[in-house]
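These notes concern the structure reproduced below.
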2 protein chains.
Amino acid sequence: MGPKTTRRHQQGEESKERILDAVIQIAAERGYEGTTVSLVSERSGLPVSSIYWHFGNKDELIAAVIERGFRAWSAEQAEPFEVDPAATRRELIAAILHHDVGSLARRHPEFLRFGLMLTLEQRAEEPKGRTLFLEARETSLERIVGGLALVLEAERIPDDGFARRLGQLIIATVDGLFLATRASLDLDDLNSHLDLLAGAIDLLIEERTPR
Amino acid sequence: MGPKTTRRHQQGEESKERILDAVIQIAAERGYEGTTVSLVSERSGLPVSSIYWHFGNKDELIAAVIERGFRAWSAEQAEPFEVDPAATRRELIAAILHHDVGSLARRHPEFLRFGLMLTLEQRAEEPKGRTLFLEARETSLERIVGGLALVLEAERIPDDGFARRLGQLIIATVDGLFLATRASLDLDDLNSHLDLLAGAIDLLIEERTPR
DNA sequence: TCGTCCCTGAAGCGATGGCTCCAGGGAATA
DNA sequence: TATTCCCTGGAGCCATCGCTTCAGGGACGA
């Protein structure tokens, strides 16, 4: 399975990375349709034939960049993330928000931006990259719902889909806040809005807590 | 100022409408770049030359469709909207949400969808339509902030930008929820999430109320 | 009935889209 | 040194892109 000519193979991997770097940059600016192979070639400094040699066609190229982005983000999510045991519930929720979704907006803005574009689009035949992004998003939802379910359980709140609804609300809000950074909101505002959101979620849970 | 040949002029207006109908349909599916004049011609049944005769070029065409969408939505927002005087604050907030922003998602989904695409995009020269959409969005924010400010005032909560932050949170959430309808959320869920959001806003205000 | 003006139809411009082909170059292996 | 295999370079295919041009057709006021 291993490559025969290591050195040469390594250079190929580097080329792939350079190409994908160019793709995510362009795609985040101009969307699927606006991402042209010749532009990718120009910005990456590699010839068109290399792009096709590595990725086969445009759809696979786009899919590859989504996959790489999701992998990078997943790796970060998997990092253990410690919380002060004395933290309030609200602080705990805020921590989840910042770690799980806020990080996406902060550390992989191009990935999220392009992913949201793909989400909005709809063409005759679904780009592979769109499917991948939606799956990634679903995975992320499950993660958040899992975290919320633990919180609800600790409060003895029966979870009849409540955690899921909260999770959907959270993801939606973060998406929307990120979108707003494309208009007039700046990144610092985004973080403070995340805290506001954490407060709102906390209060919604409080309201449901039996006593 | 009036048209000379009324009948012919009227037909021209109808053609314009048919063209814009085709544009918003295509643009909501495929974005700015994916909206080609020849496709618009095909779907509207009118020749390319008519499109250019009416709108001059592609950028103006896109701008016109955004403008029409915003006008339609504004007209609806301007409609008086009555609230039960006995309504709770939460119900009042929910009513504002449904009337001001929810209506956009429900009644002009293509407009919102395309607008969000434009918001995400960024090309060398900003399309006129994008600027228009962002202005529309700003107007809408002011409206909501105005409504919230009244609520805060009634509760004697000092408004040091709190209303604006809530407004931004609301718009972001609605955008995000709409986005989610492009993935897996259905429209009924959107409405129930709006109520959840109204509850969250209500609780955030409650928390700030001096007593 | 005539001329005017709004709009349409068809043809076609240069540029660019995705994609293919194929002759190599150059490191690794024999 | 000879051979193999990964990758690159560049020319070029055909379709379609945005956009333009211009000769009319048809309803109107005169």
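Every chain is numbered from 1, with letters handed out A, B, ... down the list of sequences. The shown structure was predicted, so the numbers you read here are calculated from the model rather than taken from an experiment.
Following rounding to the nearest Å, Phe55(A) (CZ) and dC7(D) (P) show an atom-to-atom distance of 11 Å. If you take CD of Glu14(A) and P of dA27(C), they are 14 Å apart, rounded to a whole angstrom. Atom-to-atom, CD of Glu13(B) to C1' of dC6(C) comes out at 12 Å; the value is rounded to the nearest Å. Atom CH2 in Trp53(A) sits about 6 Å away from atom P in dC6(D), given to the nearest Å. Between the CG atom of Leu61(A) and the P atom of dT20(C) there is a distance of 14 Å, given to the nearest Å. Across the protein-nucleic acid pair, Glu60(A) atom CD and dG18(C) atom C1' stand 15 Å apart, rounded to whole Å. Protein atom CD1 of Ile26(A) is 15 Å distant from nucleotide atom P of dT16(C), rounded to whole Å.
Counting only residues at least two apart or on different chains, no ring-ring contact (aromatic ring centres under 6.0 Å, His included) pair has a member in residues 25-61 of chain B. Annotation: ring-ring contact (aromatic ring centres under 6.0 Å, His included) contacts involving residues 89-145 of chain B, sequence neighbours excluded, comprise Phe81(B)-His99(B), Phe111(B)-Phe133(B).
When the salt bridge (Lys or Arg N to Asp or Glu O under 4.0 Å) test is applied to Arg89(B), the partners found at least two apart in sequence or on another chain are Glu155(B), Asp202(B), Glu206(B). For Asp21(A), the salt bridge (Lys or Arg N to Asp or Glu O under 4.0 Å) criterion is met by Arg68(A), not counting sequence neighbours. The salt bridge (Lys or Arg N to Asp or Glu O under 4.0 Å) test applied to Glu42(A) returns no partner, not counting sequence neighbours. With sequence neighbours left out, Glu91(A) forms a side-chain contact (heavy atoms from CB on, under 4.5 Å) with Ala87(A), Thr88(A). The salt bridge (Lys or Arg N to Asp or Glu O under 4.0 Å) test applied to Arg123(A) returns Glu33(A), Glu121(A), not counting sequence neighbours.
Annotation: Glu76(B), atom CD; neighbour count of heavy atoms from other residues, nucleotides and ligands within 6.0 Å is above 12.
Listed candidates were dT8(D), dT8(C), dC19(C). Nearest to the side chain of His54(B) is dT8(C).
For DNA chain C, the residues of residues 29-52 of chain A within the heavy-atom distance limit of 4.0 Å (strictly under) are Thr35(A), Thr36(A), Val37(A), Ser38(A), Val48(A), Ser49(A), Tyr52(A), sorted by number. Sorted by residue number, the list of members of residues 125-133 of chain A with any non-hydrogen atom under 4.0 Å from DNA chain C is empty.
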Exercise for the section: Take Leu118(A) and Ile66(A), measure what side chain to side chain contact (heavy atoms under 4.5 Å, CB included) needs, and give me the verdict at the end. Expected result: CA-CA 10 Å; Leu118(A) 287 176; Ile66(A) 292 291; 3.8 Å; yes
